[in-house]
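Just so it is clear, the structure is predicted and the values come from calculations on it, not from any experiment. Heads up: numbering here begins at 1 and tracks the sequence. Reckoned from all heavy atoms, side chains included, excluding hydrogens, waters and symmetry mates.
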Amino acid sequence: MSLPKCPKCSSEYVYEDGNLLVCPECAYEFSANDLDEQERIIKDANGNVLSDGDTVSVIKDLKIKGSQSVVKVGTKVKNIRLCDGDHDIDCKIPNFGGMKLKSEFVKKV
Ligand SMILES: [Zn+2]
């Protein structure tokens, strides 16, 4: 298993000390769990953590910019992909095609 670089100074000389990882160059101590938590966590309307490949359903009618179409409440969206930005879910909706949704308007199925 290779150790991660120091998140503070990017030193490659991080070593393990019990459960902690220690950087000899800046003396920063951290755990591998801390590193996981630094990943962006995207939650649905109920506070459930979403991940790539999840199926969600839309919890309110969503108007689609520049068209008269509305994605109806209850629409199921399969195989979502999380992304950065204001709209943090990238997905394909049947009959609509690829679009981006806000995680606050969906819930995990
Ligand atoms: Zn360091």
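Under the 4.5 Å side-chain criterion, counting only non-hydrogen atoms from C-beta, L101 is not in contact with H87. Between P4 and F30 there is a side-chain heavy-atom pair separated by less than 4.5 Å. Put simply, the side chain of K100 reaches to within 4.5 Å of the side chain of C83, judged on heavy atoms.
When all heavy atoms of G47 and K43 are compared, the pair lying nearest together is O-CD, 3.6 Å. Between F96 and I64, the shortest heavy-atom contact is CD2-CD1, 3.1 Å. Across K5 and V14, no two heavy atoms sit closer than the pair C-CG2, 4.0 Å. Nearest heavy atom pair, residue E25 against residue S11, reads OE2-OG, 2.9 Å. When all heavy atoms of D44 and V106 are compared, the closest pair comes out as CB-O, 3.2 Å. Scanning all heavy atoms of the two residues, the minimum distance from L3 to E16 falls at CD2-CG, 3.7 Å.
Residue N48 holds its CG atom at 11.5 Å from OG of S103, rounded to the nearest 0.5 Å. Interatomic distance, CD1 of I41 versus OG of S51, reported as 11.0 Å (0.5 Å rounding). Remark: I42 CD1 to L82 CG distance equals 4.5 Å, nearest 0.5 Å. With rounding to the nearest 0.5 angstrom, the CZ atom of F105 is 14.0 Å from the OG atom of S57.
We find that K102 and D88 are not joined by a salt bridge, their nearest charged nitrogen and carboxylate oxygen being 4.0 Å or further apart.
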(message) Apply side-chain contact (heavy atoms from CB on, under 4.5 Å) to residues N95 and I93 and explain how you reach the verdict.
(response) CA-CA 6 Å; N95 306 325; I93 299 180; over 6 Å; no

(request) Give the intermediate values and the outcome of side-chain contact (heavy atoms from CB on, under 4.5 Å) for residues N79 and T55. (result) CA-CA 6 Å; N79 201 17; T55 299; over 6 Å; no

(request) List the steps, then state whether side-chain contact (heavy atoms from CB on, under 4.5 Å) holds for C23 with Y13. (result) CA-CA 7 Å; C23 172; Y13 302 107; over 6 Å; no

(message) side-chain contact (heavy atoms from CB on, under 4.5 Å) for D61 and V71? Distances and angles first, verdict last.
(response) CA-CA 6 Å; D61 288 353; V71 178; over 6 Å; no

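Heavy-atom contacts from other residues, nucleotides or ligands closer than 6.0 Å to CD of E12 number 12 or fewer. More than 12 heavy atoms of other residues, nucleotides or ligands sit less than 6.0 Å from atom NZ of K108. For K78, the NZ atom counts as loosely surrounded, since its 6.0 Å shell holds 12 or fewer non-hydrogen atoms of other residues, nucleotides or ligands.
Side-chain contact of S31 with N19: a donor-acceptor pair under 3.5 Å is absent, judged by distance alone.
In this structure, D90 contributes its side chain and I80 its backbone to no donor-acceptor pair below 3.5 Å.
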